[in-house]
Amino acid sequence: MVFSSLVFLYGFFSLSLLAYVLCKTQKAQNIVLLVFSLIFYAWGEPKYVLLLMFMAFASWFCALQVDKAETKRSQRLWVAVAAVIDIGLIGYFKYAGLICSVFGTVPDFIRSIALPIGISFYTFQLLTYVIDVSRGDAPAQKSYWNVLLYAALFHQCIAGPIVRYKTIDRELFSGEPRKPELAAGVSRFCAGLAKKALLANPCGELAETLILSDSVAADVTQLAANVQTLESLPVLGAWLGLIAYALHIYLDFSAYSDMAIGMGKMIGLHYLENFNYPYISRTVTEFWRRWHMSLGTFFRDYVYIPLGGSRCSKLRMVFNTFVVWALTGLWHGASWNFLLWGLWFFLFLMLERFLLKRWLEKLPVISNLYLLAVVLIGWVIFRYSNIQLGGALIKSLFGLNGNALSSFTTEIQLKSHMFLLAVAVIASTPVMKWLRIKLEAYACGSDTMIKIWDMVFYAVIPVILLLLSTACLVGDSYNPFIYFQF
Amino acid sequence: MSEMNPKSESKHTPGWELSVPFFLVLAVLTVVSFIIPLRPTQSYTEKRNLAEFPEFSLEALVSGDYFDDITLWFSDTFPGRESWISFSSNLESLHGYSEIAISGVIMENDAIPVATEAPTVPPTAPADTAVGTEATQPTEPEPTETEATEPEPTEWGGIDAGEFDLTPGAVIQVGDSLFNSLGFSQYVSDRYIRIINGFAEIMAPKGVNVISAPPPTAIGIMIEGEYLDQLNCARQNEIINYLHSGMSDDVITVDTYSAIVPHNSEYIYFRTDHHWTALGAYYSYRAICETLGYTPAELSDFEEWDQGEFLGSLAGQASRPNAVRRDNVYAYIPQGDITCIINDDYGNVFEGDLLADMTQRDVNTKYLTFLSGDDPMTQVTNHDLPDAPNCLVIKDSFGNCFVPFLSQNYHNVYAVDYRKYVAMNMQQFCEIYDIDDVIIMPYLIATQSIQGNNLLSYQFGVYY
């Protein structure tokens, strides 16, 4: 189940809220959250709900043993056990095919392994829990069901943010009454929903029209035709498709985080931000401080720093960074292009550190363009698991396929999506946030004004966004081309 | 990397009561979505049955299909879906501005080879057939007063879900009109030619005329060639020339493109539907009669019947729905003592309406007036012409508005829908029903589709 589906909005979400508010005690509320979270997960992965439960069990058990251990050595042993189980399982379900392909053919039984939804997110959450307990950063949770709730909580279980146990331990399990921020949560949730339904989806459709849909690009039998399609794209079409894709991927992913944060606020759980307008960055270093921040901090705290971080020799630091970015790439998918994508950023991070940083700091607009170029080319690598397709598109971007600069149909596509793209670009920058803060500060000057502001921003706009998003989601089910249409 | 910095929100804390409207709307729509009778089961605009609630099975539950199907059912049958969709279409029209807009992907297509035999060169579209609203101005016939009668139940115009998978391609909006794109495939065209030649070769010794008259589609008639090139769509006169130049002397070819294109300032194609209008079909009928040496009936011999406002199959795919102008369906009632026997999908045989009264029916269904919709076989008999020849029409729904005209020249017209008919192949059919002329008229998109060719190959008993 995805947040931006009608069955979630008007089935699951409403019923879970209703059940939640009917509960008086925090314990009962947690039971409701757990039951609904398991239903949510089972809805997408009926089989693998058992895997999730087992991994939570292993982490719960290991963390208790870590807590009880009297020596550092036995603590490390139990952390290692948890890590072997978690990494072993994610390795089996996610990377077995890739690993086998290194050694030759991939056996059929490996090929048939389906990737459990959200495994990359909840595995990392459970790992951070055990490690944080061993470091004394978080207390060991006595109740298995509470660890399961932490890992399975439907707000963030399948698409992040990666929430650390210590971040929500107090709010989730302390027994103190939670402090819901209903209006702020609703506003954030609706903003995310609208970002997804009104902006991300149509940007994605435009990208698919121009630079191949995922399913078409993944069809190896169509490789030659796909390469030809990308090679014959006019330069304008290639850029349009790539920019639409870049907007889609940011708006889509950050919309999920917005909705998760909004739902959390509604019941008094506060998750940390996951995106901070990454496309306005001026360096790759800054981009990764603003993009999928919860993943970045995970790799920083649990890989980079334990390896020695930057407080070591230059060569060692380069190696540490290399490891982090190879893993970051592979975390996104078990395919070589993801590894390449991670290393693409590694390359520029090193270039910036040793060479470009000083220059980029002095050149505001040029540094913005540099960052966008690096990220956009990065998205080409990210999008196509076949390097031929990525190569064809990159060449088309610069007219190196002998492709035309523009075409009649591309100009039509541009004209018929120009307002959408403009709004999507604005939504990817802090303009609206800046405007909101300014208006709110202005409104705070008088009681009447602040009432009007609150009414508009927290009551009217969320309802409008909910209704507009609903219309778009119903519209998505419109599918007249499935059938023979004489 | 720096620690995550919570965004610098202002200190102002809005009160919980501000969230009440949101929760109210959420609650109302939740309640509405669980009132099952409010959920539609069919979509007239999409010509399909909507998703059904899945049957439970342990296998489906474990595989995840059960929940996936519930998710699909929930959104596909959401109460008020047509209104929501119409609203979201209007929202989409705000995405940009362009006189021409494309929805979907226009596929690459083959270059059309120059015909080997010198084909008759059809006139090019008149210069005033410019891209824009002018291209599709209909003539405004005087509305005819008709009495409202009890509506007859009618079947879908389309075919069962899942049986075939032909995607006609992108929908292109030009001004107030919508068009299906159409490309050319040399491989499929060559196969089509072989199938028709094969059938004609078998029928020729039996004295049966085989006539090829594929209806062009709107885009080929209403849009000028140079725009078609830019839109990566094939010129349909060239497709028809290619098909016909490959056909043997056993096939009588009718240049439907040249017959229709001079009339493209008239209302010969719908703006919101992929079909031609009955007027468009009439010009094709004239051309066929003239080729076969029959005297075509004049349009004034028919009584015009206004079925009312019509919103066709392409309406929901308009990129700018506000700009789309609605259609009207006009049927032409033929003279004479004419009966219409329908063989339906379930094997029932009954007397139906040659032209059904759809005046009081849903705005999306008006095209079903012609032959009362698509059925595997419909027999139209003109009892005033007992000595006239018999004709078999191999058709899809384009043929529905065309067949009534033939009643003026044939004793029996057997309209076989090649997508649906399964009782016998057309060689046997001709023998059993004493057929003199076979008019083959799959619309041009079907001639360029593998599925369309598979069906025709099956119907003719000619396998390539």
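So you know, we letter chains A, B, ... as the sequences are listed, proteins then strands, and number each from 1.
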For this session: Verify the ring-centre separation between Phe78(B) and Tyr10(A): is it less than 6.0 angstrom?
Result: yes

Proximity breakdown for [X] and chain B, heavy-atom pairs closer than 4.5 Å:
{"X": "Phe299(A)", "result": "neither"}
{"X": "Phe8(A)", "result": "neither"}
{"X": "Leu17(A)", "result": "side chain"}

Top contributor to chain B contacts, counting heavy-atom pairs under 4.5 Å, from [options]:
{"options": "Phe419(A), Trp453(A), Phe13(A)", "answer": "Phe419(A)"}
{"options": "Val463(A), Leu466(A), Asp454(A), Leu414(A)", "answer": "Asp454(A)"}
{"options": "Met266(A), Glu181(A), Met418(A)", "answer": "Met418(A)"}
{"options": "Gly11(A), Ala443(A), Ala459(A)", "answer": "Ala459(A)"}

Between atom [atom1] of [X] and atom [atom2] of [Y], what is the distance when rounded to the nearest 0.5 Å?
{"X": "Leu15(A)", "Y": "Thr30(B)", "atom1": "CG", "atom2": "OG1", "answer": "7.0 Å"}
{"X": "Ile412(A)", "Y": "Leu231(B)", "atom1": "CD1", "atom2": "CG", "answer": "5.0 Å"}
{"X": "Leu473(A)", "Y": "Trp84(B)", "atom1": "CG", "atom2": "CH2", "answer": "10.0 Å"}
{"X": "Phe67(B)", "Y": "Met1(A)", "atom1": "CZ", "atom2": "CE", "answer": "8.0 Å"}
{"X": "Asp68(B)", "Y": "Trp43(A)", "atom1": "CG", "atom2": "CH2", "answer": "9.0 Å"}
{"X": "Glu92(B)", "Y": "Cys472(A)", "atom1": "CD", "atom2": "SG", "answer": "7.0 Å"}

For this session: Please step through side-chain contact (heavy atoms from CB on, under 4.5 Å) for the pair Leu182(A) and Phe22(B), ending with a clear verdict.
Result: CA-CA 10 Å; Leu182(A) 278 175; Phe22(B) 168 82; over 6 Å; no

Could you tell me whether the side chain of [Y] reaches within less than 4.5 Å of the side chain of [X], counting heavy atoms only?
{"X": "Val460(A)", "Y": "Pro21(B)", "answer": "no"}
{"X": "Thr470(A)", "Y": "Val25(B)", "answer": "no"}
{"X": "Pro202(A)", "Y": "His95(B)", "answer": "yes"}
{"X": "Val7(A)", "Y": "Trp73(B)", "answer": "no"}

Seminar exercise, completed: Under 4.5 Å to a heavy atom of chain A? For Ser33(B) that would be side chain

For this session: Answer with side chain, backbone, both or neither: which region of Tyr66(B) has an atom nearer than 4.5 Å to a non-hydrogen atom of chain A?
Result: neither

Problem set entry | Top contributor to chain A contacts, counting heavy-atom pairs under 4.5 Å, from Tyr97(B), Phe23(B), Trp16(B), Phe87(B) | Tyr97(B)

For this session: For Leu91(B) and Leu198(A), run side-chain contact (heavy atoms from CB on, under 4.5 Å): C-alpha distance rounded to whole Å, both residues' side-chain angles, the deciding distance at 0.1 Å, then the answer.
Result: CA-CA 9 Å; Leu91(B) 206 59; Leu198(A) 305 183; 3.8 Å; yes

Exercise. What closest approach, in Å, do Pro46(A) and Gly64(B) show between heavy atoms, and which atom pair accounts for it?
Worked result: CG-CA, 3.7 Å

Seminar exercise, completed: Closest non-hydrogen atoms of Ala184(A) and Pro14(B), given as atom of the first, atom of the second and distance, are N-CG, 4.3 Å

For this session: Check the pair Leu467(A) / Leu29(B) against side-chain contact (heavy atoms from CB on, under 4.5 Å), numbers first and verdict last.
Result: CA-CA 10 Å; Leu467(A) 292 173; Leu29(B) 287 175; 4.1 Å; yes

Exercise. Do other residues, nucleotides or ligands put more than 12 heavy atoms under 6.0 Å from the CZ atom of Phe53(B)?
Worked result: yes

For this session: Show the numbers, then the answer: is there a side-chain contact (heavy atoms from CB on, under 4.5 Å) between Phe408(A) and Tyr227(B)?
Result: CA-CA 9 Å; Phe408(A) 188 62; Tyr227(B) 284 106; 3.8 Å; yes

